[in-house]
Every structure is written in C-alpha cells, then in structure tokens.
Amino acid sequence: MRARLVSMGLASLAVLALPALAAAPPAVAPPPVSTPSAPTLAPTQAVGPMAATVTALGLQMSPHRAAYRLTLASSKEGSRVTGVVGAMNFAWNDVCRGWTTEQRFQIRFLYSEADDQEMTTSYTTWEAKDGSVYRFNVRKQITGQPDEEMKGVATLSGEDGGVAHFEKPKPQDVQLAPGTVFPTAHTLLLIDQARRGEAPVYVRPVFDGSEAEEAGPVSAVIGRAKPLAKDAVVVAALHKDKAWPVHLAFFPNDDQQALPDYDTAMMLMDNGIVQSMLIDYGDFKVRAELVALEPLPKPSC
C-alpha cells in the first residue's frame with residue numbers, strides 16, 4: 001500500500017506508505033534535506049479568482065512549529081499490523097514570496113508475523129503564495145536503507161494545469177491536469193470553502209510530488225465547526241477554540257478504480273493548523289495527535 005502526502009494545515013503529513021514485510025536492520029538517520037528555495041526560473045503566473053483567493057487567505061494563516069504523536073488507533077481482525085509508534089515534527093514558515101515546510105517523522109510498524117520495521121522520512125517544500133510554483137524534496141528510508149527520493153519543481157498556469165519537472169528518481173516531466181493545485185493552496189481553499197459554508201463537498205486534483213505521476217483527485221467533505229476548548233495545547237498557543245471536521249478521500253489517477261487508496265479525518269482550524277488526524281488504511285487506522293505547538297513570527301517583507 002502507498003499513500004500520497006496528506007494535506008494538513010499548510011503542510012503535509014509525510015508519506016505513510018507501508019514498508020514491505022522483511023527483516024529489519026538497525027535504522028539510521030537519513031541525510032539532512034535542505035529546504036527548497038524560491039525557484040530561479042521565472043514562475044508561471046497564476047491568474048484568476050483561485051489565485052486571488054489563495055493569496056488573500058494566506059495573509060490570515062499562522063506560521064508555526066508543531067509536534068505530533070503517531071499511534072495505532074484501531075485494527076481489524078486479521079490485520080498484520082499490530083502496533084504503530086512514532087512522532088512527527090514540522091515547521092511551516094512565511095518567507096515573503098512563498099511558504100516553506102520542513103517536516104520529519106519516524107514511525108515504527110509492529111507486525112504479527114514479521115519483524116518490526118521503522119520508516120524515517122524528511123520532507124521539504126517551497127510553494128509560491130499564489131499557488132503557481134511548487135518545489136519539493138522527499139527522502140525516505142526503511143529500516144536504515146534508502147528507499148526513494150523525489151525531487152523537482154512544478155508550475156501551474158492558473159486553472160489551466162501545468163507541468164512537474166522531476167530531477168529524481170529520474171529526469172522526467174509529468175503533465176498536470178486543469179484544476180490541479182498544490183498542498184498549501186488546497187488547504188487554503190478548504191478553509192475558504194468551510195468559512196463560506198456552501199457546498200460541503202469539494203473535489204480537486206492535488207499534486208504533492210510524492211509520486212512521479214499525474215495528480216489524483218482528493219475529495220473533501222467539510223462538517224460544521226466544533227469547539228476545541230478541551231485542547232489546552234491549541235488554546236494556550238493560539239487562543240483558538242473551534243475547528244472544522246474535514247474528511248479527505250485520496251483517489252488514484254485511474255478512472256477504473258472507484259475506491260480511494262485511503263482516507264483521513266482531521267480537525268482543521270481557520271488559521272491552517274490541524275489539531276488531530278485519523279488516517280484509515282482499511283484494515284487499520286493511525287492517529288496523529290498534536291502534543292506541542294509554537295507560533296512562529298512573520299517576516300517583514
């Protein structure tokens with residue numbers, strides 16, 4: 001099973017793909033990944049109401065550093081996964097022309113009939129504030145061995161689609177269909193949809209760079225805002241007391257497959273921060289719980 005990046009609060013929950021069942025050598029930390037800088041190429045200009053909405057909403061978002069605890073929420077009878085233990089840390093920053101994310105997580109999968117396996121992922125991005133350009137670099141190790149690296153830059157021309165230029169794992173171009181958006185823009189558009197309280201279902205192709213293929217559609221169902229008064233971490237750090245329940249279903253780019261690869265439920269605040277997340281892989285679910293949150297300053301641009 002393989003999961004694309006999950007849009008979460010102006011960042012993404014890094015690739016929670018399941019490692020193959022195999023003997024696990026001692027894990028080592030992956031090499032550091034530098035944060036992608038603003039592209040030197042002339043960006044494709046995003047035009048139209050979508051770009052204007054994304055740019056305006058970005059002014060209201062909260063740069064922050066957060067820590068999440070990853071645990072097994074539940075598993076069905078017969079599931080080979082008996083436990084999940086891990087942690088995720090990420091920082092989302094305003095860098096004037098764009099947003100950067102720096103994310104790292106370590107997660108250990110416990111199996112009933114195989115050795116435990118540990119996966120370490122480093123994920124960094126730079127995304128233009130109008131949603132027109134996206135740089136990405138994802139490095140993953142499984143049980144201490146390099147598994148894959150995705151690196152490149154993608155551009156969009158408004159709602160007309162665009163192209164993703166991959167440097168790794170091999171040089172290639174992937175066409176992006178009309179309507180495609182990048183992860184930060186997707187989160188901002190979800191917040192806009194939630195605030196307006198109009199159609200509760202929102203569907204967009206989302207490109208995140210985790211796979212060298214066209215963006216698959218992500219279907220979002222947005223519920224009514226709920227109180228978060230019991231979450232001391234969030235209230236103390238940001239004085240926020242409500243969030244929207246959002247259910248995301250991630251579909252492959254395949255018209256023949258009616259079911260999503262996986263889905264997730266989250267509590268999304270209006271400043272782009274996710275308070276909690278539950279990822280459903282079918283025979284088991286993983287919970288991501290916010291345990292620490294630190295607001296970061298906005299630059300003087």
Side-chain angles (χ1 to χ4, degrees), residues 1-9 11-22 24 27 66-90 103-121 123 140 142-143 187 190 200-201 208 210 216 218-234 242-252 257-269 273-293:
M1 181 184 297
R2 180 178 180 75
R4 298 198 308 267
L5 303 181
V6 180
S7 176
M8 65 166 294
S12 295
L13 182 61
V15 187
L16 287 178
L18 302 185
L21 297 178
Y68 292 81
R69 180 188 300 116
L70 305 177
T71 58
L72 180 67
S74 63
S75 61
K76 294 182 179 179
E77 184 176 355
S79 172
R80 303 179 73 180
V81 176
T82 60
V84 173
V85 180
M88 178 183 68
N89 297 277
F90 82 75
Q103 186 171 337
R104 176 185 171 87
F105 81 84
Q106 289 183 297
I107 186 168
R108 179 175 293 274
F109 293 95
L110 312 180
Y111 295 100
S112 58
E113 299 177 356
D115 293 339
D116 300 348
Q117 291 192 330
E118 184 172 297
M119 182 169 63
T120 303
T121 299
Y123 168 60
K140 185 172 68 175
I142 295 178
T143 61
T187 300
L190 285 179
V201 178
D208 53 38
S210 62
V218 177
S219 176
V221 178
I222 306 168
R224 294 188 177 184
K226 294 184 177 181
L228 289 177
K230 295 182 179 180
D231 193 326
V233 173
V234 173
K242 66 179 181 180
W244 293 284
V246 178
H247 181 273
L248 300 176
F250 292 78
F251 290 86
Q257 185 169 329
L259 297 177
D261 285 336
Y262 71 103
D263 55 40
T264 181
M266 65 175 70
M267 294 299 292
L268 176 65
M269 289 180 281
I273 296 175
V274 167
Q275 181 252 359
S276 63
M277 179 180 293
L278 187 66
I279 308 165
D280 188 349
Y281 289 102
D283 60 346
F284 72 98
K285 298 179 181 180
V286 174
R287 177 183 292 110
E289 179 185 5
L290 181 66
V291 295
L293 181 62

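Sequential numbering from 1 along the given sequence is applied to the chain's residues. These numbers come from a predicted model, not from an experiment.
Residues Tyr123 and Phe105 are not in side-chain contact: their nearest non-hydrogen atoms beyond the backbone lie 4.5 Å or more apart. Side chains of Val84 and Thr71 form no contact here, defined as non-hydrogen atoms less than 4.5 Å apart. Annotation: side chain of Trp244 is not in contact with side chain of Leu190 (no heavy-atom distance under 4.5 Å). With a 4.5 Å cut-off on side-chain heavy atoms, Tyr68 and Val274 count as touching.
A distance of 3.5 Å separates NE2 of His247 from CG of Asp263, quoted to the nearest 0.5 Å. Rounded to the nearest 0.5 angstrom, Met277 CE and Leu290 CG are separated by 11.0 Å. Note that CD1 of Ile273 is 13.5 Å distant from CE of Met266, once rounded to the nearest 0.5 Å. With rounding to the nearest 0.5 Å, the separation of CD in Gln275 from CD in Glu289 is 8.0 Å. Interatomic distance, Gln103 CD to Asn89 CG, rounded to the nearest 0.5 Å: 9.0 Å. The distance from the CG atom of Leu248 to the CD1 atom of Ile222 is 8.5 Å, given to the nearest 0.5 Å.
Qualifying side chain to side chain contact (heavy atoms under 4.5 Å, CB included) partners for Ser75, counting only residues two or more places apart in sequence or in other chains: Leu72, Ser79, Phe284. Judged as a side chain to side chain contact (heavy atoms under 4.5 Å, CB included), and not counting sequence neighbours, the contacts of Ala73 are Leu278, Lys285, Arg287. Pro200 is linked by a side chain to side chain contact (heavy atoms under 4.5 Å, CB included) to nothing, counting only residues two or more places apart in sequence or in another chain.
The shortest heavy-atom contact between Tyr111 and Val81 is CE2-CG2, 3.8 Å. The two residues Ala243 and Met267 come nearest to each other via the heavy atoms O-CE, 3.7 Å. Counting all heavy atoms, side chain and backbone alike, Phe250 lies closest to Thr264 at CE1-CG2, 3.8 Å.
With hydrogens and angles disregarded, no donor-acceptor distance shorter than 3.5 Å links the side chain of Ser112 to the backbone of Thr82. When atom types are taken as modelled, the side chain of Lys76 and the backbone of Gly282 share a donor-acceptor pair closer than 3.5 angstrom.
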Would you check, one step at a time, whether the test side chain to side chain contact (heavy atoms under 4.5 Å, CB included) holds for Thr187 with Leu268?
CA-CA 9 Å; Thr187 300; Leu268 176 65; 4.3 Å; yes
